[in-house]
Amino acid sequence: MKIATWNVNSIRTRQDQVLSWLQGQDIDVLCLQETKVIDQDFPRSPFEELGYHVYIYGQKAYNGVAIFSRLNIESVIMGFTPILGADQVGELDDQKRVIAGVIDDICIVNVYIPNGSSVGSDKYEYKLQWLNRLGDYLQQMLIKYPHLCICGDFNIAPEDRDIYNPQNRENHIMASAAERQALDAIANLGLADGFRKFTQDGGHFTWWDYRAASFTRNRGWRIDHHYLSPGLYQNAIACYIDTEPRTQPKPSDHAPVILEIGT
DNA sequence: ATGGCGACAGGATGTCGA
């Protein structure tokens, strides 16, 4: 089974690129982030015609997540509230950032973790609060679904080797100690970074700023991830970043990441 | 040091992303 994650930065702008990418791959599950469209305007039929079931959880202009799956998903869970209850979630489901479903006995959790703007800002506090609630959510999900893959745009580089220039990054958004600690807390639930099962060196990135020719200079960050429960981690046979779509005209600023799980 | 670029909403330019 191939599970891919891709922050497309608007599905309507990137529709043709996602379609042609899927046609050249053999993807079973594609998790999208930053779809940036309300559900009634989501271009679902082109992807259905390609053989995918389409599950969407979007909003106007910002955020939005979706799962495309060749196999039908029986129970789709949108937001934190179905798992944690409205009292625990509060305003955190106003932004559409998490959708999950069970496919072939594997629970796929697709997340678009908040960016956080800058360390110490209100958005930074929101990001940390959101990560804390994500931990509560995953704790419950792992009880129900022990085979779990959480993937998406985490907006956190786990280690210095995941940043093109790791100097002076302690107070940089996506690399601060509190963000990494929040990610560690999630990993400590029993989830491991699929990419690092296979690749140990630096210089492998999933996001490059549109500005300053960052991609051609490979000035990037590895912030899109798959974290796997122990059995899935054991069965993972590959995890890689496909930089080809990032070379196209009018690309997303993120590249897709593909995880392969054997049987 | 700052801004660079791109998408969206709305109909000029401000907000947001990372």
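In what follows, every chain begins at residue 1, and chains take the letters A, B, ... in the order their sequences are listed.
Members clustered with Y62(A): none, using a 4.5 Å side-chain heavy-atom cutoff among hydrophobic residues.
Mapping K250(A) and N115(A) onto DNA chain B by nearest heavy atom places K250(A) closer to the 5' end of the strand. Comparing E34(A) and Y210(A), the nucleotide of DNA chain B nearest to each residue sits closer to the 5' end for Y210(A).
dG11(B) and dT2(B): their C1' atoms are spaced 29 Å apart (whole Å). Using atom C1' as the reference point in both dA7(B) and dA18(B), the two lie 14 Å apart (nearest Å). The gap from the P atom of dG17(B) to that of dA12(B) amounts to 25 Å, rounded to the nearest Å. dT15(B) sits 23 Å from dA1(B) when the C1' atoms are compared, rounded to a whole Å. Straight-line distance between the C1' atoms of dG14(B) and dG10(B): roughly 11 Å, to the nearest whole Å.
Residue contacts shown for D209(A) are absent, as no nucleic acid heavy atom lies under 4.0 Å away. Residue contacts shown for D224(A) are absent, as no nucleic acid heavy atom lies under 4.0 Å away. Counting non-hydrogen atoms under 4.0 angstrom, F215(A) reaches nothing in the nucleic acid. Counting any heavy atom pair closer than 4.0 Å across all strands shown, N63(A) reaches no nucleic acid atom.
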What donor-acceptor contacts under 3.5 angstrom involve side-chain atoms of residues 231-241 of chain A, with partners at least two apart or in another chain?
from: N235(A); atom 1: ND2; to: G231(A); atom 2: O; distance (Å): 3.4
from: Y240(A); atom 1: OH; to: E260(A); atom 2: OE2; distance (Å): 3.1

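Note on D162(A) versus R196(A): salt bridge recorded, some NZ/NE/NH1/NH2 to OD/OE distance being below 4.0 Å. A salt bridge does not link D28(A) with K2(A): every distance from a Lys NZ or Arg NE/NH1/NH2 to an Asp or Glu carboxylate oxygen is 4.0 Å or more. Salt-bridge formation is detected for the pair R222(A)/D193(A): a Lys NZ or Arg NE/NH1/NH2 atom is positioned less than 4.0 Å from an Asp or Glu carboxylate oxygen.
Nucleotide dG11(B) is shown with an anti base, its glycosidic torsion being more than 90° from 0.
With 3.5 Å as the limit, one finds no donor-acceptor pair spanning the side chains of E34(A) and N9(A).
Using a 4.0 Å cutoff to heavy atoms of chain A, the contacted part of DNA chain B runs 5' to 3' from dG4(B) to dA18(B).
The aromatic rings of F80(A) and W130(A) sit tilted, their planes meeting at an angle between 30° and 60°.
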